[in-house]
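Data block below; observations after.
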Amino acid sequence: MTFFSRLPRKLIRQTQGYAALWLIALVLWRVQNWLPLWLLGIAFLPSLPLGIAWLRQLRSHGDRNPMARSLVLTGLYPFWWHLAVFLAEFAGLHEVRAGLVSTGLLGLFLIGLAWMVWWLERASRRIERSQLDEVLRGGTLLVSPASAVEAHEQAARRRYWNPLDPRAWYYGRGSRKLKQSMLATCTYGMAFWLSVMTVSQIRGCRPNDYELPAGGGQQKTVAQSVKIQKVIRRKYVVNPYSSIKFSVPPIDDVKLQLQEATAHQYVVGYGEGTGAGFAGGTQRGKVRLIRLEYDGGDWNLNFGIGGDNNMLLEYGLLTQQKVGDKTEAIRIAQLAGFPSDKSPPLVFITGQGSLSVSNNEVKVLREYLIDKHGLLFASSGSQHFHNQFLALMNRVLPDVRAVPVPMDDSIHRIPFAIPSFPYVVPHGGREPLGWSADGRWLVYYHPGDISDAWADGHSGVSSNIYNGCFQLGANVINYGHVEYAKWLQARGKSK
Amino acid sequence: MTNDKLRGRTDWIKVRLLGGIGDWQFQVYPATEFASVARRLLHYMLRCQSSAKAVKPPRQAQWRRSQLLPLVLMACACWSGLISSRAFADELDDLPIDAWKQLREVERYQLQIAEKYWREQNWITAAAEYEKFMELYEKSTGAPFAQLKWSLAQVKLKKQNTAIKEGFQTVIDYWPESSHAIAAAYYIGRTQKEIGRTKEAKAALKSLVAKHPQHLVAVYALNELIDLATIEKDVPARVEHWKKLTFELKRTRDSSATCVQASQQLALHQFREGAFDEGVKALATTYNAAQLPSYVHSYVRVPLSELVAQTETKAKGETLTNQAIAWLRQATPADQSMPEAKQIARQILFGVADLTALAQRDDQVPAAYETIVAAFPKDDEALGRLAAWYKTKTNYDKARETYLRYADKNEGLGLVGYSYREQQNWPLAEQSYQQLLGQDAEHKVRWKPELAATHRGAHKWPEAITVYEELVRDDLSNAGRWRWEVACTHRDAGQLKEAIGHFRQCENFPENYKQMAWCHRQLKQPNEAITLYSQVSSDKASAPWALLQVAYTREEAGQAETAIQAFQQVCKKFPKDPHASTAHAHLQQKYKISVTLGGANEE
């Protein structure tokens with residue numbers, strides 16, 4: 001009696017039902033944008049007790065059966081792995097989530113590889129056994145050696161096509177087993193890779209729509225007012241013959257205390273609405289800072305809490321606009337999933353390593369920048385990334401040449417006047433570069449690691465530099481949103 | 001020697017030509033002026049080449065230079081094309097002498113102050129001084145000029161929008177009749193192009209060309225339009241603008257360079273398209289009949305080799321080759337009694353042979369060069385080029401045979417030795433040079449370095465050092481150079497202590513100190529290396545590099561904490577230097593330290 005036949009029917013039925021529910025929840029998680037995360041959590045969490053129930057069954061019935069143990073553990077793996085990924089995302093631990101995804105994928109690959117090896121070995125043994133049985137049934141060896149040789153030659157002349165059979169003609173004459181294993185590993189690797197690519201494409205279908213925060217504002221530089229306050233120092237009457245030594249302050253000396261304050265005489269944003277925001281925005285809309293994920297390097301440099309989240313919070317404080325709770329990350333291909341009127345006005349990209357972007361992603365990025373009126377805000381984390389980014393831009397916008405962004409451009413003046421360009425280190429020169437078309441910046445490139453200045457500790461740079469970097473970041477984010485709002489408004493009018 | 005011909009009106013630009021050909025040292029490097037000087041230098045080179053008055057280079061390098069010259073010409077043409085937009089506008093922002101005369105003394109004085117700051121590239125003060133002029137002498141004839149220069153100062157200060165709206169446009173609005181208004185209109189287009197507003201720039205520049213077709217700005221505007229068409233990969237527009245510049249516009253002193261460049265670019269384009277006659281026609285607008293064959297050959301080389309290299313365009317390349325060779329042959333002077341005519345005929349033969357080689361007609365190449373040898377028996381250049389061609393075909397034996405046919409036997413043997421070195425056949429190379437030292441004792445200073453280099457290639461360090469030591473004694477004028485070679489040979493041989501001793505005797509600080517420090521690092525003597533790097537840091541240009549090396553040295557010595565501090569010091573002390581970027585990235589990647597203490601503001 002096998003392990004599975006001894007199991008309670010109720011558990012099997014429950015598992016089948018849950019598997020279906022889990023699949024639906026998984027698909028919804030990847031493609032929807034309206035189902036709340038907690039609801040998905042309710043769908044994913046039962047995999048934990050159900051898995052424990054299976055393990056207990058395994059312990060009570062089938063602990064001596066390695067096959068049953070392997071099958072149960074293999075079955076549990078995707079459920080629990082996905083649960084861990086979901087919980088990491090739910091908790092906002094994006095780096096942990098990214099790590100779990102990649103290591104989990106590796107684990108899945110290795111488990112699949114182990115099963116493939118087992119199955120191949122089993123199948124080829126069965127074939128060999130059947131051949132042996134056939135030989136023994138014929139009894140040729142006992143009858144005459146000549147006929148055995150003849151039978152062997154006949155077998156050698158025959159062409160076998162079955163890849164599970166080590167005698168298949170395409171394995172050649174020597175090291176057939178090795179060649180069979182190589183072929184199987186390559187086929188499995190390719191199939192696995194194709195599956196992963198297909199699933200990742202599904203993910204790009206429908207990201208969360210981007211909605212601008214409702215409101216309005218003017219396109220003006222924030223006025224800096226400097227209040228000079230005279231503070232008269234307290235004067236002491238000192239006995240000059242006292243044994244206590246005082247350094248007597250000059251009688252007319254006054255300390256000038258400069259208090260810098262920003263006069264918020266207007267609202268940062270664009271349009272006629274009330275409160276800081278943008279025309280065409282919605283009440284639930286928020287300014288979000290979306291990071292682009294890419295292959296090859298460290299897309300998540302200074303990502304999330306303690307990193308670019310500081311910039312998002314600072315933007316909210318500086319502009320009084322509604323901002324998202326935390327920064328987000330999407331793959332470049334996912335940009336295609338946004339409708340053009342609810343597309344992110346700005347996406348951010350940075351890193352230190354290589355930047356590997358496929359031709360399809362290049363096309364998506366070009367469409368995003370030109371057709372969806374997006375803005376790519378890039379920051380270089382190393383000299384290597386600088387070169388990689390310029391090469392990428394040559395592919396994305398081959399007909400546009402990078403130019404230094406003027407210091408009196410609106411992107412450097414609104415809402416905060418940036419008198420001098422702040423940077424942490426000059427990874428790619430000391431002036432910002434821009435790619436523009438039709439009088440609008442499509443790409444704003446900061447060559448001096450602006451995300452390091454935003455991160456906790458601000459890389460140890462002085463306060464005027466990191467504050468300058470926050471203001472510059474706010475300007476770029478605001479510029480992207482204002483241009484997008486203008487475009488939406490113009491589209492609305494033309495309709 | 002200071003070349004007076006190269007001095008423009010801006011007398012503070014100094015260009016010095018030191019030593020022989022190919023050893024130029026530029027003293028001033030501002031981008032616009034440098035480009036302008038480079039353009040003039042290019043023309044000077046062309047004149048030198050055509051008049052054959054240039055200093056004759058040593059014969060060994062002669063054939064290489066003649067091979068390289070067309071490439072250099074092409075590179076210069078392309079380069080000057082790339083930077084032309086910045087270089088060409090110099091003459092528009094000058095105040096004519098007559099206008100200076102019309103100014104009152106006080107006005108002239110104020111304007112000269114502003115000009116002084118302009119020349120010193122102190123843009124903020126210069127802008128303030130021009131502004132002061134406009135406030136004080138609003139009705140002066142120099143006011144539009146001051147406004148124009150104020151606007152240009154804003155461009156330099158990266159405030160291009162201010163320059164356009166409040167500067168150039170003001171010149172047009174307030175002084176529409178002034179010649180500076182036309183210049184301002186051009187600068188608006190150029191500045192718009194510089195900040196990526198290509199559509200507006202194109203419109204502004206096109207209208208300028210239409211309004212002032214014979215003015216100098218039309219030439220500059222067309223040049224900018226060519227650049228824009230290049231960005232947009234609009235080939236028909238480029239060709240149209242090139243044609244206008246080449247055939248339609250009048251060439252003056254200021255516009256000539258742009259027109260010449262346009263004719264060259266047009267010729268290159270036509271040759272690439274296979275329109276040989278059109279290309280020749282374009283070049284004929286720039287060069288006279290005597291110069292033309294040489295330039296046709298120079299400009300047809302690259303398109304021809306490109307066409308022949310691709311299977312799809314090979315047929316076009318073949319046709320172009322036939323046309324070019326036929327044209328060169330018909331350009332050969334019938335009467336070669338005069339030396340000039342003979343020289344032209346020789347150049348044409350060289351051109352034909354070179355094009356035959358480029359067209360990969362390998363069976364015809366030796367014959368083409370042999371024709372030259374037959375016509376000019378004592379001319380080793382043809383043999384040198386033939387040998388070089390054999391070498392490109394890896395037929396070194398044939399190349400050596402050819403070198404041995406040299407009229408100058410020593411030169412030929414030297415090249416034979418060099419060919420052995422190229423093949424890393426050290427014994428035969430050494431033998432050749434030893435033979436040379438025996439038969440040409442008069443020039444042993446020339447052959448000994450070759451012998452020493454051969455020993456170094458063969459890793460015969462003591463022999464190489466001995467030869468260099470001899471050179472230190474024999475060639476006193478270059479003793480420092482040979483001492484450096486001795487030190488480098490010791491270093492390559494792994495005799496680091498000896499290398500340090502010799503580097504110490506060299507006088508090329510800080511390079512020798514850098515090498516000494518490196519040797520100490522290899523000897524695991526970090527403290528000595530750090531002391532030397534500290535001394536190197538007294539050289540301002542090397543200071544960031546030296547501090548970074550201190551950090552690496554400490555890291556190698558296992559002093560992680562002090563190494564981190566040193567890396568942070570690089571970022572803190574030199575936040576604008578590229579080495580800060582290296583230190584920053586290293587701290588983040590190796591030590592996972594984000595606090596790197598850099599940070600700067602670019603004014």
Side-chain angles (χ1 to χ4, degrees), chain A residues 298 301-302 306 352-353 380-386 398-410 412-413 418-439 441-442 447-449 452-453 455-462 464-466 468-469, chain B residues 82 85 154-167 191-201 227-234 544 564 567-572 574-589 593-603:
Chain A
D298 50 346
L301 175 73
N302 294 324
Q352 289 182 326
S380 169
S382 70
Q383 286 172 357
H384 179 63
F385 184 86
H386 169 76
D399 297 340
V400 184
R401 190 186 281 177
V403 291
V405 182
M407 287 313 291
D408 60 351
D409 193 275
S410 64
H412 286 145
R413 283 192 301 111
I418 312 286
S420 51
F421 179 65
Y423 56 88
V424 177
V425 276
H427 290 308
R430 300 199 302 243
E431 56 183 4
L433 295 178
W435 282 254
S436 80
D438 299 328
W441 296 112
L442 308 176
D449 222 343
D452 264 7
D456 286 354
H458 311 295
S459 243
V461 301
S462 62
N464 69 325
I465 290 166
Y466 70 71
C469 287
Chain B
L82 284 174
S85 54
Q154 297 304 315
V155 172
K156 300 280 185 193
L157 290 167
K158 297 174 193 168
K159 292 181 180 172
Q160 288 94 336
N161 292 300
T162 311
I164 293 170
K165 282 181 196 162
E166 295 168 27
T191 312
Q192 279 171 336
K193 192 199 107 189
E194 278 175 6
I195 58 174
R197 292 189 198 154
T198 45
K199 269 189 187 170
E200 291 98 322
D227 198 26
L228 283 170
T230 309
I231 298 168
E232 291 170 356
K233 300 181 177 71
D234 184 354
I564 290 166
F567 281 121
Q568 286 176 331
Q569 283 296 308
V570 179
C571 297
K572 195 174 182 180
F574 310 104
K576 296 186 175 189
D577 194 90
H579 291 96
S581 162
T582 313
H584 177 87
H586 192 77
L587 278 169
Q588 286 193 331
Q589 283 163 7
I593 290 173
S594 61
V595 179
T596 58
L597 306 176
N601 275 314
E602 190 67 18
E603 297 297 331

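Remember, predicted model here, so these are calculated numbers, not experimental data. Labels below follow one simple rule: chain letters A, B, ... track the order of the sequence lines, proteins then strands, and each chain is numbered from 1.
Taking every heavy atom of both residues into account, B:I231 and A:D399 meet most closely at CG2-O, 3.5 Å. In terms of heavy atoms, B:T582 sits closest to A:Q383 at OG1-NE2, 4.1 Å. The nearest pair of heavy atoms linking A:P406 to B:I195 is CG-CG2, 3.3 Å.
A:D449 touches chain B through its side chain: at least one heavy atom from C-beta onward sits under 4.5 Å away, while N, CA, C and O do not. B:K576 touches chain A through backbone and side chain together, each having a heavy atom under 4.5 Å away. Using a 4.5 Å cut-off between heavy atoms, B:K199 touches chain A through its side chain atoms alone. When heavy atoms are compared at a cutoff of 4.5 Å, B:T162 approaches chain A by way of both its backbone and its side chain.
The candidate with the highest count of non-hydrogen atom pairs below 4.5 Å against chain A, out of B:A600, B:P575, B:P578, B:G598, is B:A600. Each of A:P422, A:P426, A:P398, A:P404 has some count of heavy-atom pairs under 4.5 Å with chain B, and the biggest count is that of A:P426. No other option in B:G599, B:A585, B:G196 has as many heavy-atom pairs under 4.5 Å with chain A as B:G599. Among the candidates A:C469, A:G439, A:S420, A:G448, the residue making the largest number of heavy-atom pairs closer than 4.5 Å to chain B is A:S420. Counting heavy-atom pairs under 4.5 Å between each of A:D298, A:L301, A:D409, A:V405 and chain B puts A:D409 at the top. Contact count against chain A (heavy-atom pairs under 4.5 Å) is highest for B:A580 among B:A580, B:A583, B:A163.
When side chains are defined from C-beta on, B:S581 does not count as touching A:H386, because their heavy atoms never get closer than 4.5 Å. You'll find the side chain of B:E194 stays beyond 4.5 Å of the side chain of A:V403, heavy atoms only.
Expressed to the nearest 0.5 Å, how far CG of B:L587 lies from OG of A:S459 amounts to 9.0 Å. In this structure, CD on B:E200 lies 8.5 Å from CG on A:D438, to the nearest 0.5 angstrom. Here the straight-line distance linking atom OG of B:S594 with atom CG of A:N302 works out to 7.5 Å at 0.5 Å rounding. How far CG of B:N161 is from NE2 of A:H412: 11.0 Å, rounded to the nearest 0.5 Å. Here the straight-line distance linking atom CD of A:Q352 with atom NE2 of B:H584 works out to 6.5 Å at 0.5 Å rounding. Rounding to the nearest 0.5 Å places CE of A:M407 at 11.0 Å from CG of B:L157.
Among residues two or more places apart in sequence or in another chain, the ring-ring contact (aromatic ring centres under 6.0 Å, His included) test is passed with B:F567 by B:Y552, B:H586. Applying the salt bridge (Lys or Arg N to Asp or Glu O under 4.0 Å) test to B:K165 and every residue at least two apart in sequence or in another chain returns nothing. Checked against ring-ring contact (aromatic ring centres under 6.0 Å, His included), A:H458 has the following partners two or more places apart in sequence or in another chain: A:Y466, A:F470.
Inspection of non-hydrogen atoms places A:R430, A:E431, A:S436 of residues 428-437 of chain A under 4.5 Å from chain B.
Side chains of B:Q588 and A:D452: a donor on one and an acceptor on the other come within 3.5 Å.
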